[in-house]
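Since the structure comes first, as structure tokens, the remarks are kept for the end.
Worth knowing before you read on, the calculation uses all heavy atoms, side chains too, and leaves out hydrogens, waters and symmetry mates.
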Amino acid sequence: MSASLRKQLALATALAAATWAVLPAALAQTPAPSEAASAASAQPPSKTISALDAPLFYQLLIGEMELRGGQAGTAYEIILDAARRTREAALFRRAVDIALQGRALDQALAATRSWRSALPESQDALRLQVQILVVMGRLADLNEPVARLLQLTPATERPAVIASLPRFLERSSDARAVASLLTDVLKPYAEAPATRAAARMAIARAWFNAKDPDVALALARDVQKLDADAPGPALLALELMAERPAAEDIVKEHLARPAAMTPLRLAYVRVLTGSQRYAEAARELEIATRQQPEEPGPFLTLGVLNIELRQPAQAEAALLRYVELAQAAAVAAPGTAPAGPGATGTADPSALAAEDEGAEGTSRTERGLFQAWLSLAQLAEQRGDFKAAEAWLAKVDDPDRALDVQGRRATMLARQGQVAQAREMIRRVPERSTEDARSKLMAEAGVLREVKRWAEALEVLATANQRFPDDPDLLYEQAMMAEKTDRMAEMETLLRRVIAIRPENAHAYNALGYSLADRGLRLTEARELIKRALELAPGDPFITDSLGWVEFKLGRNEEALKLLRQAYSARPDPEIGAHLGEVLWSMGRKDEARQVWRDARARDGANEVLRETLARLRAEP
């Protein structure tokens, strides 16, 4: 025997020995036609191969050598023949693996059928068969193996397997066919007491995936009646809320129960903040902080929300508690302490409701602390304590937040009359990219806007739009400054340009509609613009406020009152309060109007719309 042949046989023997001990996760080495099939094939065999006599050993050795030589079809036939003769699950799995490596789905499917014929009780064979059929798009053939898989599953495990089926089958390109399949296959389990909640929830999820929210919602309600403590209906309802607002009742009913989990409540907070329903989100966060008083994250989001709600004392208390907990956690477990849900380093509560990867080398705890310090600086600045604000800003040691820090410092300078120095401070911030240059121009305009230097802000934004043409955000800001300087034609031109560039921009429709309505111009057109904005951003309280205001201008006081109450409940902003109070005043309900105005003034007595409304109506809250 030549040295070369001896070397090849030694290598083949080693490969075979390794295969018999623990089958390799072949699909993890060679891309498979689906992640699902790959994951299943990567699982270890249920048992090692028995009765490994000399003929079988050499048959398997030849099969592995054929595979190594690029003859996958021959290798598959050899290994599958051995599997059929020995009835070994490990060999059937190996045959499936070989077929999937070669993208031979028909052969892989045939191997699972042979496997099931030899070992009728094999759940592994059924799972692989189902996954391969899904990848092949042969949904019509799924009924029998899925039904059989459920029959073979132990009763104690069956609800969990049923619950996993929608995800198990979601790779199919025909979601409606999957939903119909599960409705049929799970019918007996949907009536059995031990499985009916899991089965109906799985069917609901499948119909949700199939874009049939009404069926999904009806089933979710049904499951909640069966098991009020089950989180599944509430989780699905959170996803349904955007299309079916009535789904929120399921969430509220679940959260009212003692068994409601805090993570689900925080998921609800994310939905609420995404819709700018900050008052309701804050109430849910207060419950979460009582349930988990040592968890930092909810305190951070609560603090930022309370800033938006003009509740500085509550905001400061929540932020200080967050800092205390986050720093203690960082000391206890360096690099692992959570910053909490969505500590993204932004003052936007909607952004705080989502996870963020953050800058490279910056932990979530650091990002959360940076946000807390910036927010505490903002609160100190608002009460005129510039020294305390600077102390908080000095703690933020993050190059990615340099513009945020300098922007706050510049705003403080501008409020003290040092506008030129403030603008220069922004301009001196280093530019590492084109985006930095754009952000600096936005920040400079923002500083000028804060001190009501509308014309100068408009000039900065006009320059920015020359440098960054057709940037919808810059165009929108320029339009808002044009409106402040009473350049209505210019404002309308800019907003229509934003709509042309980004037709889904709800704020552009709303701004144009509200500006027309506030001046009593083209009210029918204004109403249509605002309604379009509300279609794009359902539930947005500021857009709801605009619609209520245009209804008032059209003389529809009852409809206006309903809309404005809804908006003010979701977001008790002083401007919305000014509008609500005026509608109540015009309807002769002056005591109610005064109460609303008192509440609005307590939040922000300097609000321009509120002050103008009170002066025009000669009303004293």
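Between the side chain of R522 and the backbone N or O of R527, no donor-acceptor pair lies under 3.5 Å. Remark: side-chain polar atoms of R408 are not paired, donor with acceptor, to backbone N or O of A377 under 3.5 angstrom. In this structure a side-chain-to-backbone donor-acceptor pair under 3.5 Å is missing from S515 to L512. In this structure, the side chain of T301 does not engage the main chain of P298 through any donor-acceptor pair within 3.5 Å. Judged by distance alone, with hydrogens and angles left aside, the side-chain atoms of S569 form no donor-acceptor pair with the main-chain N or O of R565 at under 3.5 Å.
Nearest heavy atom pair, residue A237 against residue A247, reads CB-O, 3.4 Å. A pairwise comparison of heavy atoms in V419 and A414 identifies CG2-O, 4.1 Å as the closest pair. In this structure, E243 and P213 approach most closely via the heavy-atom pair OE1-CG, 4.0 Å. Here the closest heavy-atom approach between residue A281 and residue T273 is recorded as CB-CG2, 3.7 Å. In plain terms, the two heavy atoms of P430 and D436 that are nearest each other are O-OD2, 4.4 Å. Considering all non-hydrogen atoms of both residues, A389 and A380 come closest at N-CB, 3.6 Å.
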Verdict with reasoning, V323 to W373, per side chain to side chain contact (heavy atoms under 4.5 Å, CB included):
CA-CA 8 Å; V323 170; W373 292 329; 4.1 Å; yes
Which is it for K562 and E559 under the salt bridge (Lys or Arg N to Asp or Glu O under 4.0 Å) test, yes or no, and what are the steps along the way?
CA-CA 5 Å; K562 184 182 77 171; E559 181 64 17; 3.5 Å; yes
Determine whether H579 and Y514 satisfy the following criterion, ring pair (Phe, Tyr, Trp, His ring centres under 6.0 Å), listing intermediate values before the conclusion.
CA-CA 12 Å; H579 292 157; Y514 176 80; 5.8 Å; yes
Side chain to side chain contact (heavy atoms under 4.5 Å, CB included) between R453 and V447, worked out:
CA-CA 9 Å; R453 303 279 279 264; V447 168; over 6 Å; no
How far apart are the C-alpha atoms of L584 and K590, what are their side-chain angles, what is the distance that settles it, and do they pass the side chain to side chain contact (heavy atoms under 4.5 Å, CB included) test?
CA-CA 6 Å; L584 287 166; K590 296 190 175 182; over 6 Å; no
Before giving the answer on salt bridge (Lys or Arg N to Asp or Glu O under 4.0 Å), spell out for R601 and E620 the whole-Å C-alpha distance, their side-chain angles and the decisive distance to 0.1 Å.
CA-CA 11 Å; R601 193 162 67 174; E620 183 62 33; 3.5 Å; yes
Decide yes or no on side chain to side chain contact (heavy atoms under 4.5 Å, CB included) for L236 and F208, but give the supporting numbers first.
CA-CA 8 Å; L236 180 58; F208 173 77; 3.7 Å; yes
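For K440, the salt bridge (Lys or Arg N to Asp or Glu O under 4.0 Å) partners are E431, not counting sequence neighbours. Residues passing the salt bridge (Lys or Arg N to Asp or Glu O under 4.0 Å) test with D473, sequence neighbours excluded: R438, R502. R598 is linked by a salt bridge (Lys or Arg N to Asp or Glu O under 4.0 Å) to nothing, counting only residues two or more places apart in sequence or in another chain. Looking at residues two or more places apart in sequence or on another chain, you find no ring-ring contact (aromatic ring centres under 6.0 Å, His included) involving W454.
Between E477 and R449, at least one side-chain N (NZ, or NE/NH1/NH2) sits under 4.0 Å from a carboxylate O, which counts as a salt bridge. Remark: E592 engages R589 in a salt bridge, criterion side-chain N to carboxylate O under 4.0 Å. Between E612 and R616 there is a salt bridge, with a side-chain nitrogen of the basic residue lying less than 4.0 Å from a carboxylate oxygen of the acidic one. Checked for salt-bridge contact, D540 and R571 miss the test: no charged N lies under 4.0 Å from a carboxylate O. Salt-bridge formation is not detected for the pair D249/K252: no Lys NZ or Arg NE/NH1/NH2 atom is positioned less than 4.0 Å from an Asp or Glu carboxylate oxygen. A salt bridge links E324 and R321; the closest N-O separation between the charged side-chain nitrogens and carboxylate oxygens is under 4.0 Å. Looking at R244 and E239, no side-chain N of the basic residue comes within less than 4.0 Å of a carboxylate O on the acidic one, giving no salt bridge.
Applying the salt bridge (Lys or Arg N to Asp or Glu O under 4.0 Å) test to pairs two or more places apart or on separate chains, those with a residue in residues 410-424 are E381-R415, R415-E450, R423-E444, R423-E456. Within the structure, ring pair (Phe, Tyr, Trp, His ring centres under 6.0 Å) contacts touching residues 589-621 (residues at least two apart or in different chains) are W585-W597.
Among the candidates D212, L217, D214, the single residue satisfying the side-chain contact (heavy atoms from CB on, under 4.5 Å) test with W207 is D212. The side-chain contact (heavy atoms from CB on, under 4.5 Å) test with M491 singles out one residue from M481, Q478, E483, and that residue is E483. Of the candidates D545, T544, D599, D599 is the only one forming a side chain to side chain donor-acceptor pair (under 3.5 Å) with Y568. Exactly one residue among N505, L494, L461, I499 makes a side-chain contact (heavy atoms from CB on, under 4.5 Å) with L475. That residue is L494.
A donor and an acceptor atom, one from each side chain of E435 and S439, are located under 3.5 Å apart. For the residue pair E535 and Y509, no side-chain donor N or O sits within less than 3.5 Å of a side-chain acceptor on the partner. Side chain to side chain, Q371 and S375 meet the donor-acceptor criterion of an N or O pair below 3.5 Å. A donor-acceptor contact closer than 3.5 angstrom is absent between the side chains of N306 and Y278.
Within a 6.0 Å radius of NZ in K553, more than 12 heavy atoms belonging to other residues, nucleotides or ligands are found. The 12-atom threshold is exceeded at CG of N557, counting heavy atoms of other residues, nucleotides or ligands nearer than 6.0 Å. Within a 6.0 Å sphere centred on CZ of R611, heavy atoms belonging to other residues, nucleotides or ligands number 12 at most. Within a 6.0 Å radius of CZ in R167, no more than 12 heavy atoms belonging to other residues, nucleotides or ligands are found.
Using a 4.5 Å cut-off on side-chain heavy atoms (C-beta onward), D573 and F542 make contact. With a 4.5 Å cut-off on side-chain heavy atoms, R487 and L458 count as touching. You'll find the side chain of I530 stays beyond 4.5 Å of the side chain of L534, heavy atoms only. Residues E608 and K452 are in side-chain contact: their nearest non-hydrogen atoms beyond the backbone lie under 4.5 Å apart. In this structure the side chain of E316 reaches within 4.5 angstrom of the side chain of R383, judged on heavy atoms. Residues E280 and E284 have side chains not in contact (no heavy-atom distance under 4.5 Å, counting atoms from C-beta outward). Within the 4.5 Å cutoff, the side chain of E366 has no heavy atoms near those of the D398 side chain. P574 is not listed as a side-chain neighbour of V609, based on a closest heavy-atom distance of 4.5 Å or more.
Atoms CG and CG, from D404 and L393 in turn, are 10.0 Å apart once rounded to the nearest 0.5 Å. Note that CE of M412 and CG of D385 are 10.0 Å apart. Values are rounded to the nearest 0.5 Å.
Ring centroid separation for the pair Y268 and H254 does not come in under the 6.0 Å cut-off.
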